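To start, the structure under review is shown below, and the notes come after it.
These figures come from a predicted structure and were not determined experimentally.
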Amino acid sequence: MRQKWIALPLLILISLIWVTAGPAAEVKKTTTVSQKIVVTPDDLQWKEGPAAIPGTKMAVLEGNPAKGGFFVARLKLPAGTKIPPHVHNNVERVTVISGKLYLAMGDQQQNPAVLPAGSYLSIPPKTVHNAWVEEETVLQMSTFGPWTFKAVKKTEKKGTASE
């Protein structure tokens with residue numbers, strides 16, 4: 001009987017160590033910083049943005065969006081930019097730095113969330129969404145690479161001429 005009382009706490013202890021060791025190791029791996037990074041607005045090096053969003057400029061602040069691992073980048077969207085319906089392989093975390101973003105879930109521009117400067121959004125992987133801006137808008141993405149942008153086809157609305 002005594003062996004059961006010793007074995008049960010030992011089993012619980014081993015289970016707790018096993019359950020917490022995985023997430024702790026992942027946090028340590030993903031938050032390691034090898035050097036100090038300080039970027040001022042004058043330091044930003046704007047380059048052509050993603051081809052799927054014509055006219056967009058992109059500045060990488062940390063990491064490399066094309067490779068695995070954490071990265072931070074800014075996107076400058078000219079007034080009138082429309083981002084077509086799309087998905088990403090990883091979670092998308094975005095802060096609106098300036099301007100205003102209209103975000104619609106799904107493949108239609110319906111019922112958008114209106115996100116002014118200072119707003120934050122987080123979208124799970126493979127979630128269809130689209131967006132647009134009416135004025136120049138700067139967004140900051142903080143997520144994990146490799147960054148992907150997979151366009152999806154719009155579904156036809158009911159009541160259109162194609163019915």
Side-chain angles (χ1 to χ4, degrees), residues 19-157 160:
V19 167
T20 58
E26 185 172 329
V27 168
K28 183 178 179 183
K29 179 180 85 174
T30 60
T31 59
T32 301
V33 176
S34 61
Q35 63 186 19
K36 176 181 79 169
I37 299 172
V38 177
V39 180
T40 66
D42 291 337
D43 295 332
L44 295 176
Q45 297 179 12
W46 295 101
K47 298 181 179 177
E48 290 301 314
I53 315 171
T56 301
K57 299 290 185 187
M58 185 174 194
V60 177
L61 285 74
E62 179 180 356
N64 183 340
K67 295 183 178 179
F70 181 75
F71 76 90
V72 179
R74 290 197 182 158
L75 288 173
K76 186 184 293 185
L77 308 169
T81 298
K82 292 185 179 186
I83 303 172
H86 64 281
V87 297
H88 305 283
N89 285 342
N90 293 318
V91 65
E92 182 175 37
R93 294 178 179 95
V94 176
T95 302
V96 180
I97 301 294
S98 65
K100 190 183 298 181
L101 179 71
Y102 294 82
L103 173 70
M105 303 312 293
D107 62 358
Q108 301 293 323
Q109 290 185 330
Q110 299 174 350
N111 305 316
V114 180
L115 304 167
S119 298
Y120 172 79
L121 65 101
S122 180
I123 300 174
K126 302 193 186 313
T127 301
V128 178
H129 59 288
N130 67 90
W132 62 96
V133 301
E134 295 175 351
E135 61 189 278
E136 181 179 271
T137 300
V138 177
L139 308 175
Q140 180 165 300
M141 297 186 306
S142 304
T143 192
F144 291 88
W147 187 70
T148 58
F149 183 106
K150 294 180 183 174
V152 297
K153 288 187 175 184
K154 284 187 180 184
T155 57
E156 300 253 347
K157 286 185 184 180
T160 61

Step-by-step side-chain contact (heavy atoms from CB on, under 4.5 Å) determination, Ile83 to Asn130: CA-CA 6 Å; Ile83 303 172; Asn130 67 90; 5.8 Å; no
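- The side-chain contact (heavy atoms from CB on, under 4.5 Å) with Thr81 is formed by just one residue from the set Leu101, Val133, Leu75; it is Val133.
- Gly55 and Pro78 make their closest contact through O-CG, 3.3 Å (heavy atoms, listed as atom of the first residue, atom of the second, distance).
- The structure places OG1 of Thr95 at 7.5 Å from CG of Leu121, a figure rounded to the nearest 0.5 Å.
- Among residues two or more places apart in sequence or in another chain, the salt bridge (Lys or Arg N to Asp or Glu O under 4.0 Å) test is passed with Lys76 by none.
- Atom-to-atom distance recorded for Met58:CE and Leu77:CG is 11.0 Å, nearest 0.5 angstrom.
- Residues Pro84 and Ala52 come closest through the heavy atom pair CD-O, 3.9 Å.
- Summarising the geometry, atom CH2 belonging to Trp147 is positioned 11.5 Å from atom CG belonging to Asn90; distances are rounded to the nearest 0.5 Å.
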Step by step, work out the side-chain contact (heavy atoms from CB on, under 4.5 Å) result for Thr137 and Val96. CA-CA 8 Å; Thr137 300; Val96 180; 4.2 Å; yes
Set out, in order, the CA-CA distance, both residues' side-chain angles and the distance that settles side-chain contact (heavy atoms from CB on, under 4.5 Å) for Lys57 and Glu48, then state yes or no. CA-CA 5 Å; Lys57 299 290 185 187; Glu48 290 301 314; 2.5 Å; yes
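- Separating the CG atom in Asp107 from the NE2 atom in His86 is a distance of 12.5 Å, to the nearest 0.5 Å.
- Distance check, rounded to the nearest 0.5 Å: CH2 of Trp46 to CZ of Arg74 gives 7.0 Å.
- Of the listed residues (Val72, Val91, Ile123), just one forms a side-chain contact (heavy atoms from CB on, under 4.5 Å) with Thr143, and that residue is Val91.
- For residues 93-120, the set of pairs meeting the ring-ring contact (aromatic ring centres under 6.0 Å, His included) definition, not counting sequence neighbours, comprises Tyr102-Trp132.
- Taking the six-membered ring where tryptophan is involved, the planes of His88 and His129 are tilted, since the angle between them lies from 30° to 60°.
- Applying the salt bridge (charged side-chain N to carboxylate O under 4.0 Å, His left out) test to pairs two or more places apart or on separate chains, none has a residue in residues 80-103.
- Here the shortest heavy-atom pairing between Pro85 and Gly106 reads CB-O, 4.5 Å.
- A heavy-atom distance below 4.5 Å is found between the side chains of Thr56 and Pro50.
- Closest approach of Ala66 and Pro146 over heavy atoms only: O-CB, 3.5 Å.
- Between the side chain of Asn89 and the backbone N or O of Thr148 there is no donor-acceptor pair closer than 3.5 Å.
- Residue Val60 comes nearest to Gly63 through the heavy atom pair CG1-O, 3.3 Å, listed as atom of the first residue, atom of the second, then distance.
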